[in-house]
There are 4 protein chains.
Amino acid sequence: MSHNSFGHLFRFTTWGESHGPALGVVVDGCPPGIPLTEADIQPWLDKRKPGQNRFVTQRREPDQVRILSGVFEDERLRAKFGGQVTTGTPISMLIDNVDQRSNDYSDIATLYRPGHANFSYDAKYGFHDYRGGGRASARETAARVAAGAVARKVLGEALTIRAAVIQIGSDAVDRAAWDWEETARNPFWSPDADAAARWEIDVDAARKAGSSLGAIIEVTASGAPAGWGAPVYGKLDADIAGAMMSINAVKGVEIGAGFAAAALSGESNADEIRMENGTPVFLSNNAGGVLGGISTGQDIVVRIAVKPTSSILTPRRTITTDGADATVSTKGRHDPCVGIRAAPVAEAMLACVLADHMLRHRGQTGR
Amino acid sequence: MSHNSFGHLFRFTTWGESHGPALGVVVDGCPPGIPLTEADIQPWLDKRKPGQNRFVTQRREPDQVRILSGVFEDERLRAKFGGQVTTGTPISMLIDNVDQRSNDYSDIATLYRPGHANFSYDAKYGFHDYRGGGRASARETAARVAAGAVARKVLGEALTIRAAVIQIGSDAVDRAAWDWEETARNPFWSPDADAAARWEIDVDAARKAGSSLGAIIEVTASGAPAGWGAPVYGKLDADIAGAMMSINAVKGVEIGAGFAAAALSGESNADEIRMENGTPVFLSNNAGGVLGGISTGQDIVVRIAVKPTSSILTPRRTITTDGADATVSTKGRHDPCVGIRAAPVAEAMLACVLADHMLRHRGQTGR
Amino acid sequence: MSHNSFGHLFRFTTWGESHGPALGVVVDGCPPGIPLTEADIQPWLDKRKPGQNRFVTQRREPDQVRILSGVFEDERLRAKFGGQVTTGTPISMLIDNVDQRSNDYSDIATLYRPGHANFSYDAKYGFHDYRGGGRASARETAARVAAGAVARKVLGEALTIRAAVIQIGSDAVDRAAWDWEETARNPFWSPDADAAARWEIDVDAARKAGSSLGAIIEVTASGAPAGWGAPVYGKLDADIAGAMMSINAVKGVEIGAGFAAAALSGESNADEIRMENGTPVFLSNNAGGVLGGISTGQDIVVRIAVKPTSSILTPRRTITTDGADATVSTKGRHDPCVGIRAAPVAEAMLACVLADHMLRHRGQTGR
Amino acid sequence: MSHNSFGHLFRFTTWGESHGPALGVVVDGCPPGIPLTEADIQPWLDKRKPGQNRFVTQRREPDQVRILSGVFEDERLRAKFGGQVTTGTPISMLIDNVDQRSNDYSDIATLYRPGHANFSYDAKYGFHDYRGGGRASARETAARVAAGAVARKVLGEALTIRAAVIQIGSDAVDRAAWDWEETARNPFWSPDADAAARWEIDVDAARKAGSSLGAIIEVTASGAPAGWGAPVYGKLDADIAGAMMSINAVKGVEIGAGFAAAALSGESNADEIRMENGTPVFLSNNAGGVLGGISTGQDIVVRIAVKPTSSILTPRRTITTDGADATVSTKGRHDPCVGIRAAPVAEAMLACVLADHMLRHRGQTGR
C-alpha cells in the first residue's frame with residue numbers, strides 16, 4: 001500500500017526530489033536472466049531528458065543512470081545470455097541531480113502557485129520541500145522511464161510500445177498523415193510533420209507570451225497477446241487509467257474510442273469479428289484492445305490529456321501561505337508544453353502495467 | 001494484489017456471477033462504531049436496481065441486501081450510538097440472485113459477442129461461465145453499490161457525493177439548466193429536465209431499433225477536506241481513474257477540465273486563488289479539486305464515458321468459439337443505455353476511493 | 001492491506017463471527033480449470049468440526065459448506081475436466097452457524113476473561129461483539145480450512161500436507177513410534193498410539209478439573225519442488241511463520257530444527273548434500289526444507305505451540321469493563337485442548353502459503 | 001506484493017547485494033514533521049556493523065548512511081521542529097559497500113554450501129550472484145537497521161525497544177541476573193555479565209575449531225499502548241513472526257511464554273488482571289503483550305532462535321553445481337555466531353512492525 005510504489009508482481013518504487021542529491025527507483029519482481037545494462041536504459045532517459053531543444057525546459061540534466069543492484073555477470077552467464085543479466089532480486093537505479101540552481105526560493109516558499117501542488121501538499125503535510133517542486137516535480141518521471149526500460153526488456157521485442165503527441169493546444173494532427181517514424185524526426189513526438197511545423201510556431205508564441213499549452217498524447221502497445229488483465233478490480237484498462245492519471249499534469253485518460261464512444265450507436269461501437277487465415281480479426285478497434293478488462297490481442301490504444309504548464313511568466317492572482325492576497329509570476333526554466341515530455345513517460349507507464357499483467361497472468365494461469 | 005478487491009485501508013472484495021445463487025461483497029477496514037443497518041444500504045441498491053422503468057433492463061431483481069457480519073448491537077451500544085454499529089471487523093453483505101431465467105445459453109456459449117468480454121475471458125481462462133455474462137455481468141456492480149453505501153457512512157454527512165448523466169448519445173444537457181434535484185425526478189439521472197424529455201424519445205427509439213446508446217456521467221464530491229491523496233502512485237485522481245475505469249463499459253475518465261484542459265492556455269487553466277472571509281477560495285475549478293494528486297477542498301469533479309450496450313438485437317458479424325464466421329443478435333432483457341444505471345455505481349466507487357484516502361491520510365498524518 | 005485477507009496471488013478473505021448467521025471465505029486468484037465441488041472441501045471441514053468426541057467442544061455445528069461463486073460446469077467442461085471446475089474468478093464459500101445457543105452473555109459482556117481477546121478488542125475498537133468470542137472465536141478457522149481445501153487442489157496430488165499433534169501438556173510423542181496413519185485413528189491427531197492413550201487420560205482429567213492443556217503440532221509438506229519463496233521479505237518461511245502465528249492461541253512457530261538449532265554446532269546444523277541416482281539428496285533436514293527463504297525440495301517441516309484453552313471453569317481473577325476487580329469462571333462448551341482442533345487449521349494455512357508461493361514463483365520465473 | 005518490501009503504511013523496500021557498489025532502503029509512508037538526520041540512524045548501524053571485535057566478522061565496513069530524499073529543512077522548520085524533518089515522502093538511504101575483497105569466487109560459484117541459500121537460489125532463478133552471498137548476505141540487514149531507526153523516531157521516546165542475547169550454543173543467561181544496561185557493556189548483547197564471560201570462551205573456541213554457534217535472542221517493546229494489531233490476518237504477533245523469520249538464519253519465533261505455553265495449565269497460562277491505582281494490571285505476561293492479535297499494553301516479548309553460522313572452516317560434504325560429490329570448507333571472514341549481530345536487526349524489525357501497526361490503527365480508528 002505504498003504511496004510511492006506501482007505495480008504488483010513487476011513493482012517499482014521511486015524516490016527523490018527535484019533539488020535533492022539524486023532520485024531513483026527500485027524495480028522488484030523482475031524475472032531473472034534478462035540481459036540488462038545501463039545501455040538498455042539510457043536511450044529512453046535521453047528521450048525524456050530536459051534541455052534538448054528550445055521547446056522544453058532549459059534545465060541541463062545528463063540524467064545518467066547507474067544500476068546499483070540486481071544484475072550479475074560471469075563467464076557462464078556471458079556464454080548463456082551474452083552478458084550481464086537480471087538476477088530476479090531488486091534492481092536499484094540512481095540518477096544524480098546535477099543542475100539544481102541555487103535559486104532564492106523565498107518567493108516560492110511563501111506563495112501558493114495556481115495549478116501547483118504546493119497548496120495541497122501544505123494542506124496534507126503541514127509544509128513541504130518547495131525547491132523546484134520537490135516530490136511533485138516532473139523530475140520524478142525520470143525514475144518511471146528507467147523502470148519502463150526494464151519493463152520493455154521483460155515484455156520482449158514482440159511487443160512495441162509507442163507514443164505520439166496528437167494535439168497541442170487545440171491543434172490536432174491529421175490522422176490520415178500518421179507516420180510513426182516521423183515522431184522521432186521532430187521535437188514534438190508528432191506523427192504528422194505538418195502539425196509539427198505548426199506547433200513550432202505555436203509553442204514559440206506561447207513561450208514568448210509567458211503562457212503555456214496543453215497536449216493530448218496517444219500511446220499504443222502492439223503485440224500484446226489476448227488474455228492479460230483480470231476482472232474486476234484488476235482490469236488491464238483500470239490499471240492503465242490509474243497509471244496514466246498518476247503522471248504529472250494528466251487530467252484525462254481514455255481507451256479506444258474513449259469519450260467518443262458515448263456518441264456511437266451500439267452497432268457502430270462493438271467491434272465485429274471475422275476469421276482471416278484461421279485467426280480472429282476485429283474489423284475495428286473501438287475497444288482499444290481491451291474487453292471486460294482483459295486484452296484481446298488488438299493494439300492497446302490509450303490517450304491522455306495533459307494540462308498546460310502551470311509555471312508561467314504571466315502574473316496570476318494567488319495567496320501567500322500566511323493567507324494574504326498576492327500575485328505570482330514564475331520565472332525560471334519551464335517547459336512551455338509539459339505534454340511533450342510526457343510522451344516517453346506515458347510509454348514507460350504502459351510498459352510497466354503490461355509487464356505486471358504479463359507476470360500476473362502467468363502466475364494465475366501458467367501461460 | 002487481489003484481482004477482485006479494491007482499496008487499501010477501506011477495502012472491499014466482491015464475488016458472484018450473474019446466474020449463480022447470489023453475489024456479495026466483504027468490506028474490510030471499516031472504522032468501528034458507525035451506525036449501520038440494511039436500511040442504510042438498501043436505498044442505494046434500489047436506485048441501481050433493474051426493472052424500474054422501460055429505459056433499463058427488465059430483469060426483476062429485488063436486490064435485497066443482508067448483512068451477515070461485522071455489526072453488533074446491545075443495550076450499551078444502543079444508548080451510545082442509537083442502534084446497531086460496525087465493529088471494525090469484516091462486513092459481509094449478500095444479495096440473492098432471484099430472476100435468473102433458465103434460458104438456453106447454447107447460442108451464447110459458442111458465439112463471441114462483439115463488444116463483450118467472452119472473447120477475452122476465453123483467451124485468459126480457456127473457458128468461462130457465459131450465463132448472463134458471468135463475472136463480467138453488470139450485476140457485479142450491485143456489490144459495489146453496497147460497499148459504497150458503507151463508505152458514505154464512513155465519510156459522514158458533511159461530504160456529499162452525487163452523479164448526473166450529462167450526455168446520452170450525442171445529446172448533452174444544458175449546464176445552465178443544471179438542477180441536482182431534477183436528477184431524482186427523471187429516469188435518466190439528468191440534471192436538466194428538457195434533456196430528460198429528449199432522451200426519453202432517443203432511448204425509446206434506440207430500443208425499438210434494436211440499437212443502444214452511450215452516455216457521459218459526471219460525479220462530484222462536495223465537502224472533502226484539502227489534504228487527501230498522496231504522491232505519486234497514491235494520487236487521489238489516479239485511484240479515482242482506476243476506480244472508474246473498472247466499472248463495466250467505461251472507456252474514459254477525466255478530472256476537472258479533463259480533455260478540454262489540453263486546449264486551454266496556462267493562464268486560463270490554473271485556478272487562481274483569493275482570500276474570502278479568511279478562507280482561500282479558488283476562482284475556478286479546472287483542477288477538479290485535485291492538485292498534485294491531493295485534494296484541495298474544492299469539489300472533486302469526475303466525468304466518465306460509458307459505451308453503448310453491446311447486447312443489441314441488430315445482427316452483428318462475429319465468429320464461433322470454434323473459429324467459424326457467424327452472425328449474432330442478442331435477444332433478452334438488456335439496458336438500451338447502460339450508462340444510466342452506471343450513475344449510482346460511479347457514485348459508489350467515488351465514495352469508496354474517498355473513504356480509503358480518508359483513512360490513509362489519517363494513518364500517515366494523524367489528522 | 002486487508003486485515004482479514006491472507007496471501008497475494010492465491011488470496012483469501014474471511015468474515016463472520018461466532019454467533020452471527022454465518023461465516024465464510026472468498027478465495028481469489030485461484031487458477032481456472034481445477035475440478036472443485038463441495039465434496040472436495042467438506043471432508044477437511046469435517047476433520048475440524050466440533051462435537052466429534054468428548055475431547056473437543058460439544059457445540060454441534062454441521063459446518064456444511066456451500067460454494068456460491070467461481071465454479072462452472074457444462075457439457076464441454078464435463079468432457080474436458082470431468083465435472084465442475086474453477087473459473088478463475090472469486091470462489092465464495094459460506095458456512096451457516098447453526099448451534100448458537102441463546103446464552104445470557106451479560107457476564108461475558110462486562111468481564112475481561114484472562115487469556116482472551118476481549119480486553120484488547122475493547123482497547124482497539126471501544127467495544128466488541130462478545131457473543132461466543134465474536135470475530136476472535138475459533139469458528140473463524142473453519143473458513144481457513146475451506147480455503148485450504150481449495151489450495152490443496154491447486155497444489156495437486158504430488159504435494160502432501162499433513163499435521164500431527166506431537167505433544168499435549170508436557171507429554172510428547174515418541175518419534176521412533178511415528179506412524180502417519182495413526183493420526184487418523186485417534187481423536188488427538190497423534191502419530192503415536194501410546195501417546196494418544198495417555199492423552200485420553202490427561203485431557204479427561206483436565207476437563208474434569210476445570211482446567212485445560214496446551215499442545216505442540218507438527219505440520220509437514222512433502223513434494224514441494226525446490227525454488228518456491230523469495231528473498232527477503234517474501235521468504236517462504238517468513239510467510240509460514242506469519243500464517244501459523246495468525247491461528248488462534250498459537251504462541252510459537254519453528255522451522256526444521258527450530259529453537260533446537262541454537263544449540264547445534266555449525267557442523268551439525270548445516271545439512272550436507274550428496275548425489276544419489278543423479279539427484280541431490282540432503283543427509284539431514286535441520287533446515288526444514290527452506291534455505292534463504294526458498295524451498296529446497298526437502299520436506300517442509302513446521303512446528304507450532306498452542307496455548308491451553310483460556311476458557312476454563314476454574315475461577316480466575318480479572319476486572320470488569322468498568323474497572324472493578326472481579327472473578328470469572330467460564331462455563332459452556334469449550335475445548336479442553338484447543339491444540340487438537342488446530343491441527344487441520346495448520347494444515348490449511350500451510351497449503352495456502354504454498355499455493356500462493358507456487359503462483360508467485362510461476363509469475364516471476366515462468367516455471 | 002513486493003518480495004523486497006516490508007510493512008503496509010510504514011513500508012520499506014531494501015535492495016543491494018554483498019558485493020555490489022552499495023545497498024539501501026526506501027522508507028515510504030513515514031509521517032511528516034519528524035526530526036531526522038543521519039545522526040539519528042548512524043548509531044544503530046554502528047551497533048550492527050562488522051569488525052567491532054573478534055567475535056564477529058572481520059569485514060571492515062564503515063556502514064556510513066546517507067539520506068538522499070524525504071527530508072527538508074528551512075528556517076521555519078528549524079524554528080518549529082528544531083532542524084531537518086521528514087516530509088512524508090520516501091526516505092531513501094544508501095550505504096556504500098567498501099570492503100568487498102576481490103576474492104576468487106570460482107570455488108563458491110560451483111559448490112553448494114550446506115546451510116546456504118545458493119542451492120535454493122539456483123533452483124529458483126537458474127543462477128545467482130554468489131559473491132559474498134549476494135542478496136542472501138547478512139549485509140542486507142544493515143538496510144533493515146536503517147529503516148528501524150526511522151521507525152523508532154515514528155514511535156517516539158515513550159516506546160523502548162531492546163534486544164538481549166539470552167543463549168549462545170546451549171548456554172543460557174540467568175534471568176535472575178538480568179540487567180539491560182549490561183547488554184551494552186559486553187560484545188554479546190548479554191544481560192548477564194557472567195554469561196558473557198563464559199560465551200567469550202565458547203565463541204573463541206568455536207572460531208578456533210572452525211565451527212560456529214547458534215543463539216537465542218529476546219526482543220521486547222515497552223510502552224506500546226493497548227489496541228495495536230488487528231484480527232485475523234493482520235495480527236500484531238503474526239506480523240512480528242513474519243518479520244523475525246525473515247531475518248537471515250532465524251529458525252524459530254515465539255511470543256510470551258511461547259513453546260513453553262504448551263506445557264502450562266489453563267490456569268497458569270492465562271494472565272490474571274487486577275486494578276491498581278485505577279489501571280488494569282496483568283499479574284503475569286505469558287501472553288507476551290498480545291491477545292487475539294492485538295496489544296494489551298504489557299511489554300511485547302519476542303524470542304527468536306538463530307542457527308549457527310553455516311560458513312565454517314570444517315570441511316563438509318556437498319555437491320557441485322554440476323552434480324558431482326565434493327567437499328567444501330569456507331575460508332574468509334565470517335561471524336562465529338551470527339546470532340550476536342542479529343540482535344540489533346531484531347530490534348529494528350520489531351520497531352518497523354510497531355510503527356506500521358501504529359499507523360494502521362490510527363487509520364482505522366482515528367486514535
Side-chain angles (χ1 to χ4, degrees), chain C residues 1 3 6 8 114-115 117 120 123-124 135-136 140 170 211-212 214-216 226-227 230-235 237-238 241-242 245-246 251-255 258-259 261-263 265-267 269-273 275 280 291-292 294 296 305 307-310 312 314 316-319 323 325, chain D residues 1 3 6 8 114-115 117 120 123-124 135-136 140 170 211-212 214-216 226-227 230-235 237-238 241-242 245-246 251-255 258-259 261-263 265-267 269-273 275 280 291-292 294 296 305 307-310 312 314 316-319 323 325:
Chain C
M1 214 236 54
H3 306 309
F6 185 85
H8 297 269
S120 52
K124 181 172 199 70
R135 184 66 183 148
E140 188 272 342
S170 51
S211 181
S212 62
I216 296 179
V232 293
Y233 306 108
K235 283 183 173 166
D237 40 355
M245 199 65 98
S246 80
K251 299 304 289 181
V253 186
E254 58 180 20
I255 310 283
F259 275 86
S265 70
E267 309 89 271
N269 177 69
D271 307 307
E272 293 182 295
I273 322 176
M275 293 303 292
L291 284 172
I294 300 172
T296 61
K307 70 179 186 184
T309 318
S310 297
I312 50 176
T314 305
R316 309 305 296 148
R317 285 173 292 175
T318 190
I319 57 170
D325 283 352
Chain D
M1 214 237 52
H3 305 309
F6 184 85
H8 297 269
S120 52
K124 180 171 200 71
R135 185 67 183 147
E140 187 271 341
S170 51
S211 181
S212 61
I216 296 180
V232 294
Y233 306 109
K235 283 182 173 166
D237 42 355
M245 199 66 97
S246 81
K251 299 303 287 181
V253 186
E254 58 180 20
I255 310 283
F259 274 86
S265 68
E267 306 90 271
N269 177 69
D271 306 307
E272 293 182 294
I273 321 176
M275 293 304 291
L291 284 171
I294 299 172
T296 61
K307 69 179 188 184
T309 318
S310 297
I312 52 177
T314 305
R316 310 303 299 147
R317 288 174 290 175
T318 189
I319 59 171
D325 282 353

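Residue numbers begin at 1 in each chain, while the letters A, B, ... track the order of the sequences.
- Highest contact tally toward chain C, considering only D:Ile255, D:Ile216, D:Val232, is held by D:Val232 [criterion: heavy-atom pairs under 4.5 Å].
- When each of C:Gly214, C:Ala215, C:Ala262 is scored by its heavy-atom pairs under 4.5 Å with chain D, the top score falls to C:Ala262.
- The minimum heavy-atom distance between C:Ala226 and D:Ala123, with the atom names listed, is CB-CB, 3.5 Å.
- Ranking C:Thr309, C:Asn269, C:Val253 against chain D, the residue ahead of the rest is C:Val253, based on heavy-atom pairs under 4.5 Å.
- Note: C:Pro231 leads C:Pro231, C:Gly323, C:Ser265 in heavy-atom pairs under 4.5 Å with chain D.
- The two residues D:Met245 and C:Glu254 make their nearest non-hydrogen contact at CE-CA, 4.4 Å.
- In terms of heavy-atom pairs under 4.5 angstrom with chain C, the leader among D:Pro280, D:Gly292, D:Gly242 is D:Gly242.
- The candidate with the highest count of non-hydrogen atom pairs below 4.5 Å against chain D, out of C:Ser212, C:Gly234, C:Ser310, is C:Ser212.
- Rounding to the nearest 0.5 Å gives a distance of 6.0 Å between NZ of C:Lys251 and CG of D:Asp237.
- With a 4.5 Å cut-off on non-hydrogen atoms, C:Ile312 touches chain D through its side chain but not through its backbone.
- Here D:Thr318 contributes atom OG1 and C:Met275 contributes atom CE; the two are 10.5 Å apart, rounded to the nearest 0.5 Å.
- Each of D:Ala238, D:Ala263, D:Gly115, D:Ala117 has some count of heavy-atom pairs under 4.5 Å with chain C, and the biggest count is that of D:Ala238.
- Considering all non-hydrogen atoms of both residues, D:Gly266 and C:Ser211 come closest at N-OG, 3.8 Å.
- Minimum heavy-atom separation, D:Pro308 to C:Ala261: CD-O, 3.2 Å.
- Considering all non-hydrogen atoms of both residues, D:Tyr233 and C:Ser246 come closest at CD2-OG, 3.8 Å.
- For a residue to count as touching a neighbouring chain, one of its non-hydrogen atoms must lie under 4.5 Å from one of that chain's; by this rule C:Ala136 does not touch chain D.
- Contacts between C:Lys235 and chain D at a heavy-atom distance below 4.5 Å involve the side chain alone, from C-beta outward.
- Here the CG-OG distance, from D:Leu291 to C:Ser120, works out to 5.0 Å after rounding to the nearest 0.5 Å.
- The structure places CD of D:Glu267 at 4.5 Å from OG1 of C:Thr314, a figure rounded to the nearest 0.5 Å.
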